[in-house]
Q: 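Encoded as structure tokens, here's the structure I'll be asking about.
Counting from 1, the numbers follow the sequence of the chain as shown. From a predicted model like this one, the values you see are computed outputs, not experimental measurements. Start at 1 and go down the list; that is how both ligands and their atoms are numbered.
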Amino acid sequence: MYPTILAIESSCDETSASVIQQGKVVNNVIASQNVHQKYGGVVPELASRAHQQNILYVVNEAIITSGIQKSDLHAIAFTRGPGLLGSLLVGVSFAKGMALALGIPLIDVNHMEAHVLAHFIEPPTPVFPFLCLTVSGGHTQIVLAEDYLCMQVLGETQDDAVGEAFDKAAKMMGLPYPGGPLIDKYAQLGNSKAYAFADTNMPGLSFSFSGIKTSFLYFLRDKKREDPHFVEKNLNDICASLQYQLVKMLIQKVIAASRQTGIKQIAIAGGVAANSGLRNELKASAQKLGWTIYVPEFQYCTDNAAMIAMAAHFKFIKGIFSEMDVSPIANMAI
Ligand code: KG4
Ligand code: ZN
């Protein structure tokens with residue numbers, strides 16, 4: 001039997017709920033939190049409070065727009081981790097309450113596995129084994145997906161996520177949060193060879209973005225000493241040059257992972273997957289190296305409950321459920 005499942009995502013700053021029926025995602029309701037904008041980043045305590053305010057509305061909306069009754073549900077799924085503990089707690093507690101009230105099982109989902117499984121929401125779907133570069137404000141990983149529920153992390157960041165590097169660099173230039181999309185926008189108008197930034201990646205398949213962030217800070221400090229209006233005058237070129245280097249640091253590792261494993265099925269996920277420079281470089285590498293690439297629709301790249309629902313579907317089929325005393329794990333590994 002293919003189940004009907006309600007899934008909840010609350011790991012960071014999106015409150016989301018989705019219904020999956022017969023293996024097909026029916027909807028993907030997302031409430032984004034604007035409360036963080038003025039602080040230049042996600043404030044964990046404010047995120048938990050906003051989840052508490054949004055969750056009932058979001059879940060209700062997902063049920064109403066799917067046309068199902070609560071009694072049609074076979075399980076409630078939720079994100080167990082990784083994420084902000086307070087935010088995760090809101091989703092976990094809500095899911096437990098609902099499962100208990102309806103007398104149906106709970107399914108806990110690993111947020112990072114779900115990002116990879118987002119590629120199965122809509123065709124074209126990747127063929128196993130494939131590599132997935134998951135890049136967002138909180139994560140930078142290369143995952144080897146051998147099967148729906150069999151994955152291993154081949155490499156990840158040892159410090160900042162690449163989205164965080166985009167956002168912090170944007171903040172240094174006085175751009176609002178989240179700055180990644182703005183750097184992308186200005187980069188498309190600039191010269192990517194105007195300035196050079198050091199490659200601060202680690203050996204092997206590990207990433208590191210804290211070094212380039214610091215060198216960017218000193219670069220701006222020195223240039224602004226010479227000309228206080230340096231950023232305004234050269235914004236497009238600065239963004240293009242920085243984006244070029246960040247994307248290069250990502251693609252280099254994907255090429256290395258592909259060589260190491262012999263896998264040429266390459267997927268990307270996470271908010272930074274929207275970046276035009278990354279998409280272009282991925283396409284160029286695909287042509288050069290004979291890769292088949294997969295980029296999900298943007299609503300399934302950023303944090304969303306549809307990917308949690310998809311992961312829960314595969315777990316339900318395998319009969320993998322959670323106990324009622326399950327608790328969230330902030331640094332949950334794949
Ligand atoms: O997956 P996501 O919505 O949330 C998590 O962080 O989990 O990713 C958000 C991140 C932010 O850092 C944002 O700046 C970045 O994705 N982002 C981009 C672009 N669109 C979103 N970074 C670079 N270029 C973009 N076009
Ligand atoms: Zn995420």
Side-chain angles (χ1 to χ4, degrees), residues 7-16 28 30-34 36-37 40-44 47 51 79-84 87-88 91 109-119 132-141 143 153 156-157 160-173 175-190 192 209 212-213 239-240 242-251 268-282 295-308 310-311 330-332 334:
I8 296 167
E9 154 66 30
S10 71
S11 65
C12 190
D13 60 343
E14 326 278 352
T15 319
S16 180
N28 184 35
I30 302 177
S32 296
Q33 305 178 358
N34 296 324
H36 309 288
Q37 221 152 17
V42 177
V43 183
H51 282 303
T79 303
R80 187 178 185 192
L84 302 169
S87 294
L88 291 166
V109 171
N110 180 308
H111 180 87
M112 301 312 295
E113 280 184 7
H115 267 302
V116 177
L117 294 173
H119 288 91
C132 185
L133 173 72
T134 311
V135 276
S136 71
H139 351 275
T140 307
Q141 287 189 334
V143 176
V153 178
E156 62 190 327
T157 183
D160 293 353
V162 64
E164 204 177 337
F166 268 105
D167 294 339
K168 286 187 176 157
K171 195 175 172 189
M172 291 175 209
M173 293 187 283
L175 299 174
Y177 174 84
L182 290 171
I183 291 190
D184 190 4
K185 184 175 133 192
Y186 298 125
Q188 291 175 48
L189 306 169
S192 63
F209 293 101
I212 188 168
K213 191 184 68 187
C239 290
L242 178 70
Q243 177 166 303
Y244 171 82
Q245 185 59 11
L246 290 173
V247 167
K248 194 169 143 200
M249 287 165 68
L250 293 172
I251 293 285
I268 57 170
V272 183
N275 185 267
S276 62
L278 178 60
R279 286 177 180 227
N280 290 341
E281 277 308 309
L282 194 75
V295 184
E297 221 183 275
F298 188 64
Q299 63 161 326
Y300 303 134
C301 275
T302 52
D303 287 350
N304 68 88
M307 68 184 193
I308 306 300
M310 199 69 242
N331 56 357
M332 191 174 183
I334 276 188

Q: I'd like to check which ligand 1 atoms, numbered from 1 as shown, lie under 4.0 Å from a non-hydrogen atom of Gly138.
A: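 Taking each heavy atom of Gly138 in turn, ligand 1 has 6 (O) under 4.0 Å.
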Q: Number the atoms of ligand 1 from 1 as they appear, then name those within less than 4.0 Å of a heavy atom of His139, with their elements.
A: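 This gives 7 (O) as the contact atoms.
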Q: I'd like to know if the side chain of Asp13 reaches the main chain of Val42, judged simply by a donor and an acceptor atom lying under 3.5 Å from each other, with no hydrogens or angles considered.
A: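 Side chain of Asp13 to backbone of Val42, a donor-acceptor pair under 3.5 Å: no, none is there.
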Q: Looking only at side chains, do His111 and Glu9 share a donor and an acceptor under 3.5 Å apart?
A: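 Note: His111 and Glu9 side chains meet the donor-acceptor criterion.
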Q: Residues in salt bridge (Lys or Arg N to Asp or Glu O under 4.0 Å) with Lys248, at least two apart?
A: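 Testing Lys248 for salt bridge (Lys or Arg N to Asp or Glu O under 4.0 Å), a comparison that skips the adjacent residues, returns none.
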Q: Rounded to the nearest 0.5 Å, how far apart are CG of Asn304 and CE of Met310?
A: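 The distance works out to 12.0 Å.
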Q: Atom 20 (N) of ligand 1: which of Ala161, Gly180, Gly271, Cys301 has the nearest heavy atom?
A: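 Looking at heavy atoms only, Gly271 sits closest to atom 20 (N) of ligand 1.
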Q: Between Glu14 and Thr302, is any side-chain donor less than 3.5 angstrom from a side-chain acceptor?
A: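 No - no donor-acceptor pair under 3.5 Å links their side chains.
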Q: Please state which protein non-hydrogen atom is closest to atom 15 (C) of ligand 1 and give its distance, to 0.1 Å?
A: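 Closest protein heavy atom to atom 15 (C) of ligand 1: Val272 CG2, 3.9 Å.
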Q: Listed by chain and number, what are the salt bridge (Lys or Arg N to Asp or Glu O under 4.0 Å) partners of Asp160, not counting sequence neighbours?
A: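 So Asp160 forms a salt bridge (Lys or Arg N to Asp or Glu O under 4.0 Å) with Lys213.
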Q: Considering both backbone and side-chain atoms of Gly163, is one of its nitrogen or oxygen atoms within less than 3.5 Å of a nitrogen or oxygen in ligand 1?
A: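 Yes: some nitrogen or oxygen of Gly163 is under 3.5 Å from one in ligand 1.
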Q: Are the side chain of Thr134 and the backbone of Ala269 linked by a donor-acceptor contact shorter than 3.5 Å?
A: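 No.
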Q: Under 4.0 Å from any heavy atom of Asp184, which atoms of ligand 1 are there?
A: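 Answer, ordered by atom number: 24 (N), 25 (C), 26 (N).
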Q: Please report whether ligand 1 has a polar contact with Gly137, defined as an N or O pair separated by less than 3.5 Å (distance criterion only).
A: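 There is such a contact, yes.
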Q: Judging by distance only, is a nitrogen or oxygen of Thr302 under 3.5 angstrom from one on ligand 1?
A: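 Thr302 vs ligand 1: no N/O contact under 3.5 Å.
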Q: Is there a side-chain contact between Cys132 and His119, using heavy atoms and a 4.5 Å cut-off?
A: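 They are in side-chain contact.
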Q: If only atom types and distance count, is the side chain of Ser136 paired as donor or acceptor with the main-chain N or O of Gly138 below 3.5 Å?
A: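 Confirmed, Ser136 side chain pairs with Gly138 backbone.
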Q: So Asp184 and Gln243, do their side chains get closer than 4.5 Å, heavy atoms only?
A: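 Gln243 reaches Asp184 side chain to side chain.
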Q: Quick check on Cys12 - does any of its heavy atoms sit under 4.0 Å from an atom of ligand 1?
A: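 So Cys12 does not count as touching ligand 1.
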Q: Are any non-hydrogen side-chain atoms of Leu278 and Ile251 less than 4.5 angstrom apart?
A: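 Yes, their side chains come closer than 4.5 Å.
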Q: Please enumerate all residues that pass salt bridge (Lys or Arg N to Asp or Glu O under 4.0 Å) together with Glu164, with sequence neighbours excluded.
A: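 Once residues adjacent in sequence are excluded, the partners of Glu164 under the salt bridge (Lys or Arg N to Asp or Glu O under 4.0 Å) criterion are Lys168.
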Q: Just let me know how Pro181 lines up against ligand 1, side chain, backbone, both or neither, with a heavy-atom cut-off below 4.0 Å.
A: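 Both backbone and side chain of Pro181 come within 4.0 Å of ligand 1.
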Q: Does the N or O separation between His111 and ligand 1 drop below 3.5 Å for any pair?
A: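 In fact, backbone or side chain, His111 has no N or O that close.
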Q: So how many protein N, O or S atoms does the Zn ion (ligand 2) have within less than 2.8 Å?
A: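 Excluding waters, the total comes to 4.
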Q: Is there side-chain contact between His139 and Thr157, with heavy atoms separated by less than 4.5 Å?
A: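 The answer is no; the side chains never approach within 4.5 Å.
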Q: Would you indicate which of Asp303, Asp167, Val42, Val135 comes nearest to atom 12 (O) of ligand 1 when only heavy atoms are counted?
A: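 Comparing heavy atoms across Asp303, Asp167, Val42, Val135, the nearest one to atom 12 (O) of ligand 1 lies in Asp167.
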Q: Has ligand 1 got any nitrogen or oxygen that is less than 3.5 angstrom from a nitrogen or oxygen of Gly179?
A: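 Min N/O separation from ligand 1 is not below 3.5 Å for Gly179.
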Q: Considering only protein heavy atoms, which is closest to atom 24 (N) of ligand 1, and at what distance to one decimal place?
A: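 Atom 24 (N) of ligand 1 sits closest to the protein heavy atom Asn275 ND2, 2.9 Å.
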Q: I'd like to check whether Pro178 has a polar contact with ligand 1, where a contact means an N/O of the residue lying under 3.5 Å from an N/O of the ligand.
A: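 In this structure, Pro178 places no N or O atom under 3.5 Å from an N or O of ligand 1.
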